[in-house]
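Some notes on the structure that comes next.
All chains are named by letter (A, B, ...) in the order of the sequence lines, taking the proteins before the strands, and each is independently numbered beginning at 1. Every value quoted in this text rests on a predicted model; they were computed, and no experiment measured them. These values consider heavy atoms only, across backbone and side chains, with no hydrogens, waters or symmetry-generated copies.
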Amino acid sequence: MIAITTEPIDVASALQNLQTEQAGAIDLFLGVVRDNTKKRPVDRLEYEAYDRMAISEMQKIADEAHRQWPILRYTIIHRTGTLRTGELAVLIGIASAHRADAFEACRYIIDTIKQTVPIWKKEIFTDGEVWVNAHP
Amino acid sequence: MIAITTEPIDVASALQNLQTEQAGAIDLFLGVVRDNTKKRPVDRLEYEAYDRMAISEMQKIADEAHRQWPILRYTIIHRTGTLRTGELAVLIGIASAHRADAFEACRYIIDTIKQTVPIWKKEIFTDGEVWVNAHP
Amino acid sequence: MNSPVSVLLFGITRDLTGQSLLSMSVDQEARVQDLLDQLYQHYPKLADIKSLLVAVNGEYAERDHLLTSKDEIALIPPVSGG
Amino acid sequence: MNSPVSVLLFGITRDLTGQSLLSMSVDQEARVQDLLDQLYQHYPKLADIKSLLVAVNGEYAERDHLLTSKDEIALIPPVSGG
């Protein structure tokens with residue numbers, strides 16, 4: 001399951017979606033909004049996505065993970081809109097028979113999402129704002 | 001937080017326990033009872049622990065993970081008693097500022113738990129039973 | 001002969017241009033690079049972005065990719081999801 | 001002179017002996033290995049376990065660890081948590 005949503009990410013329902021009788025291991029990665037980036041206090045983050053392309057790029061990543069590891073189920077949810085400290089920006093969940101596959105696939109997916117999926121994050125500080133990674 | 005419990009593992013409350021304003025990444029590993037081991041159908045598992053020593057061995061593992069990675073919070077919960085397919089046997093959660101630390105510490109902890117913590121699992125099949133790893 | 005193409009802008013490209021959707025008139029044989037050159041002329045600040053990619057119909061496109069007026073084109077500044 | 005020690009049994013060791021707690025009488029200068037030898041005599045099946053460790057007061061103990069009657073001793077067959 002792959003989704004982009006402006007609603008808060010529901011971990012419990014993601015977990016339900018991952019469970020299957022063959023799964024012995026579930027690795028769940030949660031990306032959380034932190035209160036501090038480079039020592040500058042963050043008031044909030046604003047995420048935006050090129051939704052259509054973000055979904056298709058995430059699907060490519062999930063398909064590649066499927067080729068590399070024996071995955072039983074996966075869930076990838078990215079939130080967009082305004083997020084505050086402590087809120088979940090992204091959830092990656094992998095269910096597999098054995099734990100090494102779940103860990104490796106989960107890490108591959110989050111690492112690759114950060115490189116190729118058209119989603120952008122603006123950090124809004126008390127004294128300014130910045131598009132992460134983009135600035136000259 | 002480290003616990004051994006006969007109650008079902010509550011993922012939501014474990015997650016709450018991990019959250020802190022500095023955490024940018026949470027990795028949550030769940031060990032789940034599968035319906036099949038070596039193609040033999042499992043009816044249920046029975047876990048038992050030498051509780052006192054299991055807690056202290058898990059504490060040693062958490063302390064070592066703390067030394068190796070900048071962990072903000074951790075949760076280790078192992079369930080004991082009778083478990084059926086789909087139930088959670090173990091939860092390891094790590095919160096850290098950056099994701100690599102969460103993944104690595106989480107994997108280290110579950111790998112090491114399986115090697116050193118005095119907890120035993122009996123697989124009960126429809127046609128027999130076996131203490132995992134122990135049999136001559 | 002010219003044809004119009006529409007260009008979606010996200011993140012810093014939207015902030016720098018003040019636009020989330022541009023309609024650009026390009027030569028019929030225009031490629032991605034030609035469109036970028038035109039955009040840089042109108043919005044010189046875009047050239048400051050350290051790595052600007054272009055997507056055509058939801059797929060990353062090379063600089064020599066040929067454009068048509070039916071294409072959905074998007075500027076993709078460095079991503080920062082997750 | 002002999003002294004009694006108590007031994008906790010878990011997992012396969014409990015199943016093989018039918019006991020979860022044993023009281024053993026050992027020599028005053030007895031070490032872990034001496035206790036194991038005595039246990040193997042009473043319960044020869046224990047020798048079939050491929051790697052049997054011993055904990056003393058909640059810590060893994062070497063075979064030459066000296067025992068006292070106050071110790072909480074436990075047999076630790078191969079673990080299989082997680």
Checking heavy atoms, do the side chain of B:V132, its backbone, both or neither come under 4.5 Å from chain D?
both
Minimal non-hydrogen separation, D:G82 against B:A89, with atom names:
O-CB, 4.3 Å
So how far is it from B:W131 CH2 to D:L16 CG, rounded to the nearest 0.5 Å?
10.5 Å
How about residues 46-56 of chain B versus chain D: which residues have heavy atoms under 4.5 Å apart?
B:Y47, B:E48, B:A49, B:Y50, B:R52, B:M53, B:S56
Is atom CD of D:E62 surrounded by more than 12 heavy atoms (other residues, nucleotides or ligands) closer than 6.0 Å?
no
So, does B:W120 use its side chain to make a donor-acceptor pair with the main chain of D:P77 at under 3.5 Å?
yes
With side chains defined as the heavy atoms from C-beta onward, is the minimum distance between D:V79 and B:E57 less than 4.5 Å?
no
Can you tell which part of B:K122 gets under 4.5 Å to a heavy atom of chain D, answering side chain, backbone, both or neither?
side chain
So for D:L53, is it side chain, backbone, both, or neither that comes closer than 4.5 Å to the heavy atoms of chain B?
neither
Counting only heavy atoms closer than 4.5 Å, note whether D:N57 contacts chain B via side chain, backbone, both or neither.
both
Among B:I113, B:V90, B:T116, which has the most heavy-atom pairs under 4.5 Å with chain D?
B:T116
Applying side-chain hydrogen bond (donor to acceptor under 3.5 Å, both in side chains), name anything that partners B:N133, two or more places apart in sequence or on another chain.
none
So which of D:S80, D:G58, D:P78 has the biggest tally of heavy-atom pairs under 4.5 Å with chain B?
D:S80
